Structures are given as structure tokens and as C-alpha cells.
Amino acid sequence: MKKFSYLILIAAVFACKSKPAANVTPSFSVSEASIGKIDTSAITEYTISNPSGMKVSILNYGGTVTKIITKDKAGNDGDVVLGYDSLAGCLQKSNPYFGVLVGRYANRIAKGKFTLDGKEYKLATNNGQNALHGGLKGFDKVIWKVEKLAGDSSLQLTYKSKDGEEGYPGNVTATVVYSLTSANELKIDYKAITDKATPVNLTSHCYFNLSAGADSTILNHILMLKASWFTPVDTSLIPIGRIANVNETPKTLPMDFTEPKLIGKDIDEVKGGYDHNWVLDRKGKGLELAATLYHATSGRYMEVYTTEPGIQFYSGNFLDGTLTNTKGGKKYVQHAALCLETQHFPDSPNEPSFPNTILKPGETYTHTTVYKFSVK
Ligand code: GLA
């Protein structure tokens, strides 16, 4: 009798446990929240969730990635990108491109000018005498049209940039598809077309800190860059045109991340911190591993795959704790996070030896980058 009631109890426990699971089969979903207005345009935050609970939030303003929620090795959720508590945060003048889509040309163009088919173009300069990240109002500060794609795991963002915008020639239509996969990857597919020859170089400017708020800097993160070469820069961060081996002289040793290395190990040897373009060791034209990032305490591990030839590793050098409306009021101090911006090399329009960045009418610019999250 005793044994019988014990069995009934076990059966009841199992019945209770399995019931809710049957009702809430995890699936992909996209939710929307209104976070304010810019002039008369509604600003919306879209959140894609995958079956294992990873979440990525994206704004129509700047195509900004505002949150990436991933689990640590104990199964706890954490947000691994820097950002703001409100739209006012994104709109502050000193917002250092948190999470945005960068275009028409990521990184710097020297003295804000270049010559194409015999004509000199003058760009808006916004970084000393150089043009940075598309100019005064780049793709990071415009409103993108957002469409949910079938399957509830992708959002398609479109922006039409006008001929002459920020000094660039040609009407450009840029399309970016953000997808969250069941393998915990944030996949970004970029496309662009133009009606006049123009430089195009698009990237994503997420600031990662895999500790999800536990560590105030990324100096304890371990980085690997699959790159034996980098593009040395002058004092205004413009490539000097030469491609240097990461082990060329003892002086460039801090640039060697071919084996996973603590970011803090050699950072003091690099004036101002890391803010350079590494030339990826590529085999072909497809999606290849470019970088890995590991935070031991949380166990979070991120792999970056790309079709691009370069990656800008920026160690958050200009963060100084003064940004307002940050998530939870956090002080984002120097090196609070790092960016891994997959791209063509800075200032390519003025460096004929660098891979071509000129998009012509009839051609399509394409670029895919995947940020894959796991734990180990
Ligand atoms: C890029 C640049 C840096 C800096 C940041 C934004 O990574 O290379 O010099 O401008 O963007 O603050």
C-alpha cells in the first residue's frame, strides 16, 4: 500500500513537471516596444528571441543593437553589450557609436577627401580633419525602415542614402538583415547598391563586455585575432599605407593576437590602447573565423566569422565615464568594452594598394558577419 502511494506521488510529480513544457514549446519570436520619438518618427525597439532564450534587441534608429542577452556557464542571463536606459542616451552628442550600423564608410578617410574617376570629393569631416564613420550624420544617426521577415528570427533594415549625403556620390540603398539563429549566433548580412561609383564600407559597432556588467573593463578578456598582419597608423589613426607583420619588430609585438592573449597583457605598450585594423589571414572569399573572445569567470565565449578582409579591434580607449543615461547608471570607464568591427581597411579610397572599396552601378556590395555565443 505504502509502495503504491509512493508510485502515485512520483507519477503526479512527473505529470506536473511535463505539463507546462508541453504548453510553452520555445520558439523564435519578435516583440516590439515603443521607446520614444525623434521629431515625428516613432522609435521602436525590436527584440528577437530564440528557443534557447538568447535575445537581441535592435532599434530602427541607427540600426542600433541595444542588448544581447546570453547565458553564462551557470545558466544565468546577462547583457554583453554597452548601451543606454533610454533613447536620450543614444541621442547624446558624445554617444561613441554604441551598437550602431556604421556607413557609408566605416572608420577614417584621410582629410575627408578622395578622388574617383578624376573628380575630387570632399566629405564632411568630424574627427579632426578626417571623416570618421560616415560623417556628421552617418548611417548610425538615421532612421531605418524595419521589416520582420518570415520565421520570426530576422529583421530587415533598409536605408536610402541620397546622392551627395555627407559628401558621398550616388544614391545608395543599404539593406541589413539581422538574424538570430538557434545556434546562438547574431548574423548580420549587409548589401548595398548605388547609381554612381562610391566608397562603401559597412560595419557594426557593438561594444562587448562578456562579463555582462561584472567587470568594469575588458582587460581580463582573452582575445584571438586570426591575423598575422595589421595596418600601422599615424597619430591621427590614418593607415600609413604599409602592411606590417604583427611580429615584424619587437615594437609591434603587442599587436600579436594570433594565439589567445589577455587584452591587458601588452596594452600599455600601445599608445592610447588598441585602435587598429588587422588584416585577416583568409583562405578564400567565404565566411571564415576572424576572432575569438573569452571571459573566464562567466565562461562566455564569442567567435566572430566574416567575409571581410579586415577587423578593427578598438579597446574602448576614449570611454571616460562621462556618458549619461547608461544602462543601470553604470560608469563606462576607459576599456569598459571592446569593438570588433569587421570591415575593409580604413582610408582605402586613398590607398590604391588596399582591397577595393568602390562600389559601381550594377554591382552589389555584400558582407556577412556572425557573432556566435557559447560557454566553456
Ligand atoms: C572606431 C575608431 C575609434 C573610435 C571609435 C568610436 O573604432 O577606430 O578611433 O572613433 O570607433 O569612438
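Only a predicted model underlies this, so the values are computations on that prediction, with no experimental measurement involved.
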**Q** With a 3.5 Å cut-off and no angle check, do the side chains of S41 and D39 form a donor-acceptor pair?
**A** no

**Q** Got a salt bridge between K55 and D79, using NZ or NE/NH1/NH2 to carboxylate O under 4.0 Å?
**A**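 No, K55 and D79 are not salt-bridged.
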
**Q** For E120, I'd like to know if atom CD has over 12 heavy atoms of other residues, nucleotides or ligands within 6.0 Å.
**A**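 Yes, enclosed.
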
**Q** Evaluate the ring planes of F313 and F257, with Trp represented by its six-membered ring, and classify them as parallel (under 30°), tilted (30 to 60°) or perpendicular (over 60°).
**A**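 Taking F257 first and then F313, their aromatic rings stand perpendicular (interplane angle over 60°).
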
**Q** Checking ring pair (Phe, Tyr, Trp, His ring centres under 6.0 Å) between F139 and each of Y168, Y159, Y61, Y190, which is the one that passes?
**A**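 Only match with F139 under ring pair (Phe, Tyr, Trp, His ring centres under 6.0 Å): Y159.
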
**Q** For D281 and S228, what are the C-alpha separation, side-chain angles and deciding distance, and is it a side-chain hydrogen bond (donor to acceptor under 3.5 Å, both in side chains)?
**A** CA-CA 7 Å; D281 296 337; S228 311; 2.7 Å; yes

**Q** Counting only heavy atoms from other residues, nucleotides and ligands, does the tally under 6.0 Å from NZ of K111 exceed 12?
**A** no

**Q** With no hydrogens and no angle check, is any side-chain donor or acceptor of D347 less than 3.5 Å from a backbone partner on I238?
**A**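 A pair under 3.5 Å: no.
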
**Q** Evaluate Q343 against E308 for side-chain hydrogen bond (donor to acceptor under 3.5 Å, both in side chains), listing each step before the verdict.
**A** CA-CA 6 Å; Q343 61 181 11; E308 287 294 280; over 6 Å; no

**Q** Do N201 and T357 pair up side chain to side chain, a donor and an acceptor below 3.5 Å, judged on atom types alone?
**A** no

**Q** When the ring centroid of Y178 is compared with that of Y46, is the distance short of 6.0 Å?
**A**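 Centroid distance Y178-Y46: not below 6.0 Å, so no.
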
**Q** Using ring centroids (six-membered ring only for Trp), state whether H205 and H133 fall under 6.0 Å.
**A**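 Yes, the ring of H133 comes within the 6.0 Å limit of the ring of H205, centre to centre.
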
**Q** Is it true that D189 and K187 make a salt bridge, defined as a side-chain N closer than 4.0 Å to a carboxylate O?
**A**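 Salt bridge flag = yes for K187 with D189.
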
**Q** Answer yes if the side chains of D215 and H295 hold a donor-acceptor pair under 3.5 Å, and no otherwise.
**A** yes

**Q** Is a side-chain donor-acceptor pair under 3.5 Å present for N325 with D85?
**A**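 No, because no side-chain N or O of D85 sits under 3.5 Å from a partner of the opposite role on N325.
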
**Q** Can you tell me if N50 and S153 form a side-chain donor-acceptor pair at under 3.5 Å?
**A**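 No.
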
**Q** State plainly whether the residues R242 and E248 are in salt-bridge range, i.e. N to O under 4.0 Å.
**A**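 Yes, this pair counts.
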
**Q** Is a side-chain donor-acceptor pair under 3.5 Å present for Y365 with E363?
**A** no

**Q** Mark yes or no for whether N95, through its side chain, and C90, through its backbone, hold a donor-acceptor pair below 3.5 Å.
**A** yes

**Q** Counting only heavy atoms not in K73, do more than 12 fall under 6.0 Å of its NZ?
**A** yes

**Q** Looking at the rings of Y371 and F208, which for Trp means the six-membered one, are their centres under 6.0 Å apart?
**A**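 Y371 vs F208: aromatic centres under 6.0 Å.
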
**Q** One thing to verify: whether D163 and K196 come together as a salt bridge, which I'm taking to mean a side-chain N less than 4.0 angstrom from a carboxylate O.
**A**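 Looking at D163 together with K196, the answer is yes, because their closest N to O distance falls below 4.0 Å.
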
**Q** Show the numbers, then the answer: is there a side-chain hydrogen bond (donor to acceptor under 3.5 Å, both in side chains) between S161 and N171?
**A** CA-CA 6 Å; S161 168; N171 291 293; over 6 Å; no

**Q** Please check if the side chain of N209 supplies one atom and the backbone of A336 the other of a donor-acceptor pair under 3.5 Å.
**A**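 Here the side-chain-to-backbone pair exists.
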
**Q** Apply side-chain hydrogen bond (donor to acceptor under 3.5 Å, both in side chains) to residues D275 and N317 and explain how you reach the verdict.
**A** CA-CA 8 Å; D275 192 355; N317 311 330; 4.5 Å; no

**Q** Who are the salt bridge (Lys or Arg N to Asp or Glu O under 4.0 Å) partners of K71, not counting sequence neighbours?
**A** D77

**Q** Just by distance, do the side chain of R108 and the backbone of G112 share a donor-acceptor pair under 3.5 Å?
**A** no

**Q** Quick check on K261: does its NZ atom have over 12 non-hydrogen neighbours (other residues, nucleotides or ligands) under 6.0 Å away?
**A** yes

**Q** Under a 3.5 Å threshold, yes or no: a donor from one side chain and an acceptor from the other, between T70 and N184?
**A** no

**Q** Could you work out, with side chain to side chain donor-acceptor pair (under 3.5 Å) as the rule, every residue matching T324, not counting sequence neighbours?
**A** Q92

**Q** Does K67 come within less than 4.0 Å of E45, counting only side-chain N to carboxylate O?
**A**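 A salt bridge is present here (some side-chain N lies under 4.0 Å from a carboxylate O).
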
**Q** Going by atom types only, do Q129 and T125 share a side-chain donor-acceptor pair under 3.5 Å?
**A**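 Q129 vs T125: no donor-acceptor pair found between side chains.
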
**Q** For S57 and T47, test the side chains for any donor-to-acceptor distance below 3.5 angstrom and give the result as yes or no.
**A** yes

**Q** Mind checking whether F373 and Y301 have ring centres under 6.0 Å apart?
**A**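 No, the ring of F373 stays outside the 6.0 Å limit from the ring of Y301, centre to centre.
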
**Q** Is it true that the NZ or CZ of K113 lies under 6.0 Å from the centre of Y121's six-membered ring and within 45 degrees of the ring axis?
**A** no

**Q** Are L225 and L219 joined in one hydrophobic group, where the rule is that I, L, V, M, F, W and Y side chains link up if heavy atoms are under 4.5 Å apart?
**A**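 In one cluster: yes.
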
**Q** When you measure from the side chain of D72 to the backbone of G75, do you find a donor-acceptor pair of N or O atoms at a distance under 3.5 Å?
**A**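 Between the backbone of G75 and the side chain of D72 there is a qualifying donor-acceptor contact (under 3.5 Å).
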
**Q** Donor-acceptor pair, Y207 side chain versus P96 backbone, under 3.5 Å?
**A**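 Here the side-chain-to-backbone pair exists.
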
**Q** Parallel, tilted or perpendicular for H276 and W278, by the 30°/60° rule?
**A**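 The arrangement is perpendicular - the two ring planes meet at more than 60°.
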
